[in-house]
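To keep things clear, I will list the structure first and then write my remarks on it.
Count residues from 1 along the sequence. What you see is a predicted model, and the numbers here were worked out from it, not measured in a lab.
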Amino acid sequence: MSNNTSTPSEADKQSGHQRNNRWLDNYFMISQRGSSVRQEILAGATTFLAMVYSVIVVPNMLGAAGFNQSAVFIATCLVAAFGSLLMGLWAKLPLAIGCAISLTAFTAFSLVLGQGVSIPVALGAVFLMGVLFTAITVTGVRQWILTNLPSGIAHGTGIGIGLFLLLIAADGVGLVVKNPHAGLPVALGEFTSFPVIMSIVGLAAIIGVEKRRVTGGILLVIIAISALGLLVDPSVTYQGLFALPSFGGENSLIASMDIIGALNPIVLPSVLALVMTAIFDATGTIRAVAGQANLLDDQGNIINGGKALTADSVSSIFSGFVGGSPAAVYIESATGTAAGGKTGLTAVVVGLAFLVLLFLSPISYLVPSYATAPALMYVGLLMLSNVTKLDFDDLVGALSGLVCAVFIVLTSNIVTGIMLGFVCLVGGRLIAGEWRQLNLGTVLITIALVAFYAGGWAI
């Protein structure tokens with residue numbers, strides 16, 4: 001009696017694998033953008049490891065304001081998963097989204113602790129901010145801002161964010177510290193400390209492996225330093241593998257927002273401050289990371305920019321619903337683009353990794369800050385190459401861009417740098433007699449930014 005049951009041959013398996021790869025390639029335009037499925041997966045893993053710290057930092061910050069930290073952990077993972085998947089599958093760009101650290105700080109320390117707003121009302125404010133942010137996006141206002149962003153300011157934003165990344169990474173590991181003496185605000189930290197040594201060695205290693213074009217080099221360095229930290233650093237400990245999340249119960253923040261309470265005249269100015277900050281902060285970040293990944297069209301606009309901006313703003317609506325802080329594209333996305341990510345598959349990998357992290361939360365404690373700091377420093381250095389894109393034949397435009405860059409890092413605020421850059425651009429053009437090079441959009445943006453700061457609404 002013959003057996004009709006057959007098993008798939010190696011040829012059949014290989015054919016199915018090739019079909020899956022072709023589908024991914026066609027959907028995400030991987031070959032068209034000069035990448036590969038393997039390169040995109042490695043880039044996604046790199047971005048995930050560079051921003052996984054958010055699941056520790058965000059719950060700690062909101063926890064200080066009385067939020068349930070376990071509930072915020074779940075919300076942080078859900079926001080990163082939702083936003084990154086939306087960005088990857090719809091906008092098809094390698095930009096990861098998560099709860100913005102700066103806006104988290106404002107929500108916790110200004111809104112809840114400073115103004116005494118209740119947690120449900122604070123979440124209602126985040127939800128409302130997301131709705132207004134999305135309305136501004138879908139009506140084309142954010143795209144109009146991008147279109148009217150002068151090239152000098154655009155490149156200056158990229159330079160400034162690069163410097164900002166360097167400062168964030170160096171400060172996070174203690175390479176630079178607040179200067180306790182008179183003089184400049186920062187000073188060299190404890191040079192012989194383990195985190196500082198690992199950060200410097202890691203940066204040198206990344207520069208070396210990237211020069212040698214080692215596939216997944218940045219990710220390999222992050223993993224190697226994390227493994228070394230687990231062996232010799234007492235603060236890096238294995239705390240288990242699985243941890244089941246709890247989505248319900250009395251501590252759940254899902255759907256707990258108080259939208260009516262957020263419409264209170266006392267709270268509304270904070271909502272508008274969140275919106276205004278997100279418009280320029282997140283928009284500038286998206287433009288800088290997309291530019292670093294060469295994902296701009298012939299006119300210098302972001303490929304699928306409208307969808308990218310909408311994915312970014314809709315994520316804040318979702319965040320308010322699940323109990324998180326306002327969402328934004330993470331600067332750390334640049335670590336993935338530096339590792340070769342060029343398509344939405346990179347963001348999809350990030351989103352899926354955060355979904356998995358819901359059940360593997362102890363793993364997040366195995367990646368110390370000094371493991372990811374070298375990657376952030378490397379990306380920051382790469383972004384300084386925007387200096388070569390400044391046109392110094394147009395001195396006013398170029399120097400205004402540098403004003404933007406320098407004050408992003410000096411004030412640790414992207415919006416502040418952009419505001420000062422616009423002021424110097426418009427003022428410089430007028431005094432130099434180049435007022436014909438100004439357009440109405442640039443002038444209106446400058447007036448709006450100055451009014452925002454003069455009114456004391458800046459975050």
Using a 4.5 Å cut-off on heavy atoms from C-beta on, say whether the side chain of [Y] contacts that of [X].
{"X": "Ile331", "Y": "Val289", "answer": "no"}
{"X": "Val37", "Y": "Asp25", "answer": "no"}
{"X": "Ser54", "Y": "Tyr330", "answer": "yes"}
{"X": "Glu332", "Y": "Leu376", "answer": "yes"}
{"X": "Val177", "Y": "Asp171", "answer": "no"}
{"X": "Ile303", "Y": "Leu296", "answer": "no"}
{"X": "Val350", "Y": "Met87", "answer": "no"}
{"X": "Cys404", "Y": "Leu420", "answer": "no"}

Who passes ring pair (Phe, Tyr, Trp, His ring centres under 6.0 Å) against Phe318, sequence neighbours left out?
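Once residues adjacent in sequence are excluded, the partners of Phe318 under the ring pair (Phe, Tyr, Trp, His ring centres under 6.0 Å) criterion are Phe82.
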Considering non-hydrogen atoms only, spot the tightest contact between [X] and [Y] and give its length.
{"X": "Val173", "Y": "Ala373", "answer": "CG1-CB, 3.6 Å"}
{"X": "Cys424", "Y": "Val403", "answer": "SG-CG1, 3.9 Å"}
{"X": "Val314", "Y": "Thr134", "answer": "N-OG1, 3.5 Å"}
{"X": "Leu111", "Y": "Thr107", "answer": "CB-O, 3.2 Å"}
{"X": "Leu274", "Y": "Pro326", "answer": "CD2-CG, 4.2 Å"}
{"X": "Ala43", "Y": "Gly340", "answer": "CB-C, 4.3 Å"}

Is the backbone N or O of Ala91 less than 3.5 Å from a side-chain atom of Asn304, with the two atoms forming a donor-acceptor pair by type?
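The answer is yes, because a donor-acceptor pair under 3.5 Å joins these two groups.
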Any side-chain to backbone donor/acceptor pair from Ser316 onto Ala327? Under 3.5 Å, distance only.
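Flag set: sc Ser316 to bb Ala327 pair under 3.5 Å.
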Test Ile408 against Val415 for side chain to side chain contact (heavy atoms under 4.5 Å, CB included), laying out the working first.
CA-CA 7 Å; Ile408 282 176; Val415 185; over 6 Å; no
What residues form a side-chain hydrogen bond (donor to acceptor under 3.5 Å, both in side chains) with Asp233, not counting sequence neighbours?
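By the side-chain hydrogen bond (donor to acceptor under 3.5 Å, both in side chains) rule, Asp233 matches Ser235, Tyr370.
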Partners meeting side-chain hydrogen bond (donor to acceptor under 3.5 Å, both in side chains) with Tyr27 (sequence neighbours left out):
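With sequence neighbours excluded, Tyr27 shows a side-chain hydrogen bond (donor to acceptor under 3.5 Å, both in side chains) to no residue whatsoever.
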Interatomic distance, [X] atom [atom1] to [Y] atom [atom2] [nearest 0.5 angstrom]:
{"X": "Ile418", "Y": "Ile445", "atom1": "CD1", "atom2": "CD1", "value": "10.0 Å"}
{"X": "Met377", "Y": "Thr372", "atom1": "CE", "atom2": "OG1", "value": "9.5 Å"}
{"X": "Thr137", "Y": "Lys307", "atom1": "OG1", "atom2": "NZ", "value": "15.0 Å"}
{"X": "Leu163", "Y": "Leu410", "atom1": "CG", "atom2": "CG", "value": "9.0 Å"}
{"X": "Leu345", "Y": "Arg33", "atom1": "CG", "atom2": "CZ", "value": "11.0 Å"}
{"X": "Ser110", "Y": "Leu103", "atom1": "OG", "atom2": "CG", "value": "11.5 Å"}

I'd like to know whether Leu62 forms a side chain to side chain contact (heavy atoms under 4.5 Å, CB included) with Val112, so could you lay out the CA-CA distance, the side-chain angles of the two residues, the decisive distance to 0.1 Å, and finally the verdict.
CA-CA 9 Å; Leu62 292 181; Val112 178; over 6 Å; no
Using the side-chain contact (heavy atoms from CB on, under 4.5 Å) criterion, which residues pair with [X]? Sequence neighbours excluded.
{"X": "Ala353", "value": "Phe48"}
{"X": "Ile223", "value": "Leu49, Leu219"}
{"X": "Ala338", "value": "Ile218, Gln292, Tyr378, Val379, Leu382"}
{"X": "Ala371", "value": "Ile222, Ile225, Ser226, Val367, Pro368"}

Could you please spell out the steps behind the side chain to side chain contact (heavy atoms under 4.5 Å, CB included) verdict for Ile101 and Tyr53?
CA-CA 10 Å; Ile101 301 301; Tyr53 72 90; 4.1 Å; yes
Starting from the C-alpha separation in whole Å, work towards a yes-or-no answer on side chain to side chain contact (heavy atoms under 4.5 Å, CB included) for Leu85 and Val348.
CA-CA 5 Å; Leu85 287 171; Val348 168; 3.9 Å; yes
Any ion pair linking Asp312 and Arg142 (charged N to carboxylate O, less than 4.0 Å)?
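A salt bridge links Arg142 with Asp312.
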Among pairs that include at least one residue of [range], which meet side-chain hydrogen bond (donor to acceptor under 3.5 Å, both in side chains), considering only residues two or more places apart or in two chains?
{"range": "residues 74-84", "value": "none"}
{"range": "residues 34-52", "value": "Ser35-Gln39, Ser35-Glu40, Glu40-Thr343, Glu40-Thr346"}
{"range": "residues 86-105", "value": "Thr104-Ser325"}

Would you mind writing out the side-chain donor-acceptor pairs for residues 143-162 within the sub-3.5 Å range, not counting sequence neighbours?
residue: Thr147; atom: OG1; partner: Gln143; partner atom: O; Å: 2.8
residue: Asn148; atom: ND2; partner: Trp144; partner atom: O; Å: 2.8
residue: Thr157; atom: OG1; partner: Ile153; partner atom: O; Å: 2.8

May I have all residue pairs that pass salt bridge (charged side-chain N to carboxylate O under 4.0 Å, His left out) and include part of residues 392-418, sequence neighbours excluded?
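For residues 392-418, and leaving out neighbouring residues, the salt bridge (charged side-chain N to carboxylate O under 4.0 Å, His left out) pairs sorted by first residue read Asp394-Arg429.
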Take a 6.0 Å sphere around CD1 of Ile266 and say whether it holds more than 12 heavy atoms from other residues, nucleotides or ligands.
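It does not: Ile266 CD1 has 12 such atoms or fewer within range.
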